[in-house]
Amino acid sequence: MFRTLRRALCVAAALLLPLAGTQSSAFADVDAQAGAGYWHTSGRQILDAAGAPVRIAGVNWFGFETANHVVHGLWARDYKSMIDQMKSLGYNTIRMPYSDDILKPGTMPDSINHDGKNTDLRGLTSLQVLDRIVAYAGQSGLKIVLDRHRPDAAGQSALWYTASVPESTWITNLKALAARYKGNSTVVGIDLHNEPHDPACWGCGDTSRDWRLAAQRAGNAVLSVNPELLIMVEGVQSYNGTNGWWGGNLMGVAQHPVQLDVPNRLVYSAHDYATSVAQQSWFSDPSFPANMPGIWDQYWGYIFKQNIAPVWLGEFGTTLQPSVDQKWLAELVKYLRSTSAYGADSFHWTFWSWNPNSGDTGGILKDDWQTVDTAKDAYLASIKAPGFDPGPGPGPGGPGDPGGGNATCSAAYTVSSDWGGGFNAEVKVTNTGTLPLKSWKVTWTWSGSQKVTSMWNASHTQNGAAVAAVNATHNGSVPVGGSASFGLGGAPGGGGATGLSCTAT
């Protein structure tokens, strides 16, 4: 992620592709131990050491790539509590950005609070801190993908090398990390370079710019050290005149696939963002968001749908502030395929980001580094993977609570804009009970002839002035004290609601 301003150009007409192998493949054979050992690929799926399908469903936790030379937030939290919270929310993988600076001898981390927390990290180098994080993540059952995010802490680079960090250093450091964690299957893969972009090309044959050839060189070098690792290869920005997100254009794979010496190790990775990062032509298309699956098919989805290789959406995120971003994320989650319907026969993903301090997206955590942004987390619920879900524990409303519990909710309805001929409104649903909500319904009555013209993050029925809205697939689950939201458009204006009520269903 380029966390200031992402320069990305628009896309040509979308190319709709047929869905190959649409049959459901539920996780019938995946239990709490799913994901054990190293992973490998088979067609569009990733399999664990026992041959069971797995799904990467995680978060990006950045910081090692910055001048702090360590994951952010350790000034506020103990790293173990952070990982525990990731697991409790149902994330199973951490994408860990780093820069080559951390491989320089003696590089020390900055901004770690050792006062009653992170005490075992005192005096450790950045690499030694990474060792501790890998160890605890593995102990907790999470996997890690190392992401070569930057050549140095100064910033991202379009190409995989710079004047100060040549290709030879890049490959040497990739091999060093592969060797460092060889035999430790917590580190399941390496993302070779983050967001290649212009002048990087795919399949042009110029070895100074052809990212596909560079990925082959680096991937084979990594596999020569540890042949068990997955090799994650991102896209570029431009291919044959069609531009998109940095690292998000994998159109060239169809004609110029990456070829590695070790079979069943290649995963293609794309990035995709919303308007809080940059504007794109497809967001203002009259058919939005129905046009988005065709866009994703064209850039990277076809690789999965044609059973070429697994596809991992390594970064996607948004502040969720504009309604267009909410529609984008709801459509993207649907496109990635729900775990309940498709199991591991799905796209893989890691959300950007866990950190709240990503300027143009924010994170799963809020600014206090403790509180969960339940709206964002709820969007991802349907695509989280099983095997890491802690389920309800002892306590109020959980197993062992003789007093039981109750599932209740409240709703707040706010008209966000009204122009006379129509209006937009936002509705926030809050879990006010002692049990997690599995689903909810909000009802209200309008005083005039208003009709719902559009609704996002919920579906509705209307009978005269009475409206009932029920949760979408991704936001029905709401933890105790948490909230979810949906929005709507209506006409004519004056759409204030009366008789507002919320029911846990």
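A donor-acceptor contact shorter than 3.5 Å links the side chain of E65 to the backbone of G63. No side-chain donor-acceptor contact under 3.5 Å links T318 to the backbone of T361. Side-chain atoms of W312 never come within 3.5 Å of backbone atoms of M232 as a donor-acceptor pair (strictly under, hydrogens ignored). Formation of a donor-acceptor pair under 3.5 Å by the D325 side chain with backbone atoms of S276 is found in this model. Proximity of a side-chain donor or acceptor of D210 to a complementary backbone N or O of G203 within less than 3.5 Å is detected. Using modelled atom types, one side-chain atom of K87 and one backbone atom of S140 make a donor-acceptor pair closer than 3.5 Å. In this structure, D297 contributes its side chain and G301 its backbone to no donor-acceptor pair below 3.5 Å. In this structure, Y79 contributes its side chain and G73 its backbone to no donor-acceptor pair below 3.5 Å. For the pair N226 (side chain) and A179 (backbone), a donor-acceptor distance under 3.5 Å is absent. Checked by atom type and distance alone, the side chain of N220 pairs as donor or acceptor with a backbone atom of Q216 at under 3.5 Å.
In this structure R212 satisfies the salt bridge (Lys or Arg N to Asp or Glu O under 4.0 Å) test with no other residue, sequence neighbours excluded. Residues that satisfy the ring-ring contact (aromatic ring centres under 6.0 Å, His included) test with F351, not counting sequence neighbours, are F316. Residues forming a side-chain contact (heavy atoms from CB on, under 4.5 Å) with P356 (at least two apart in sequence, or on another chain): L365, D367, W369. Listed by chain and residue number, nothing satisfies the salt bridge (Lys or Arg N to Asp or Glu O under 4.0 Å) test with R77 (two or more places apart in sequence, or in another chain). Here H348 pairs with nothing under the ring-ring contact (aromatic ring centres under 6.0 Å, His included) rule; sequence neighbours left out. For the side-chain hydrogen bond (donor to acceptor under 3.5 Å, both in side chains) test, no residue two or more places apart in sequence or in another chain qualifies with W349. Scored by the side-chain contact (heavy atoms from CB on, under 4.5 Å) test, N184 finds V134, Y181, T186 as partners (sequence neighbours excluded). Here Y335 pairs with W296, W300, F347 under the ring-ring contact (aromatic ring centres under 6.0 Å, His included) rule; sequence neighbours left out. Under the ring-ring contact (aromatic ring centres under 6.0 Å, His included) criterion, Y379 pairs with H474, not counting sequence neighbours. For the side-chain contact (heavy atoms from CB on, under 4.5 Å) test, residues two or more places apart in sequence or in another chain that qualify with S439 are N471, T505. Applying the side-chain hydrogen bond (donor to acceptor under 3.5 Å, both in side chains) criterion to W211, with sequence neighbours excluded, gives no partner residue.
Between L332 and L336, some side-chain heavy-atom pair lies under the 4.5 Å cut-off. The closest side-chain heavy-atom distance from L266 to T41 is not below 4.5 Å. Taking 4.5 Å as the limit, every side-chain heavy atom of V59 sits out of range of all side-chain heavy atoms of T350.
A158 and D198 get closest at one heavy-atom pair: CB-O, 3.5 Å. Shown here for N60 and G314, the closest heavy-atom pair between the two residues is ND2-O, 3.0 Å. Nearest approach of S238 to V236, heavy atoms of both residues: O-CG2, 3.4 Å.
Applying the salt bridge (Lys or Arg N to Asp or Glu O under 4.0 Å) definition to pairs two or more places apart or across chains, those involving residues 220-234 are R95-E234, E228-R265.
A distance of 14.5 Å separates NZ of K182 from CG of L177, quoted to the nearest 0.5 Å.
Note on ring orientation: taking the six-membered ring where Trp is involved, the planes of W440 and F486 are parallel (angle under 30°, cut-offs 30° and 60°).
With respect to the salt-bridge test (charged N to carboxylate O, under 4.0 angstrom), the residues R148 and D191 do not qualify. Note on R55 versus D345: no salt bridge recorded, every NZ/NE/NH1/NH2 to OD/OE distance being 4.0 Å or above.
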I'd like to know whether Y98 forms a side chain to side chain contact (heavy atoms under 4.5 Å, CB included) with R150, so could you lay out the CA-CA distance, the side-chain angles of the two residues, the decisive distance to 0.1 Å, and finally the verdict. CA-CA 7 Å; Y98 72 89; R150 299 174 173 179; over 6 Å; no

List the steps and the verdict of side chain to side chain donor-acceptor pair (under 3.5 Å) for D84 and Y136. CA-CA 9 Å; D84 288 344; Y136 192 75; 2.8 Å; yes

Intermediate values then yes/no, side chain to side chain contact (heavy atoms under 4.5 Å, CB included), Y302 and V253: CA-CA 10 Å; Y302 77 93; V253 169; 3.4 Å; yes

With ring pair (Phe, Tyr, Trp, His ring centres under 6.0 Å) as the criterion, how do H193 and W160 come out once you've worked through the C-alpha distance, each side chain's angles and the decisive distance to 0.1 Å? CA-CA 6 Å; H193 179 61; W160 54 97; 7.5 Å; no

When you look at Y91 and I364, which way does the side chain to side chain contact (heavy atoms under 4.5 Å, CB included) test go after all the steps? CA-CA 11 Å; Y91 299 107; I364 294 297; 3.4 Å; yes

Please evaluate residues T242 and N240 with respect to the criterion side chain to side chain donor-acceptor pair (under 3.5 Å), reporting the C-alpha separation (whole Å), side-chain torsions for both, the decisive distance (0.1 Å), and the verdict. CA-CA 6 Å; T242 301; N240 284 353; over 6 Å; no

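Under the 6.0 Å cut-off for aromatic ring centres, H149 and W246 do not qualify, their centroids lying 6.0 Å or more apart. Aromatic rings from H72 and F62 are positioned such that their centres are separated by under 6.0 Å.
At most 12 heavy atoms of other shown residues, nucleotides or ligands fall within 6.0 angstrom of atom NZ in K441.
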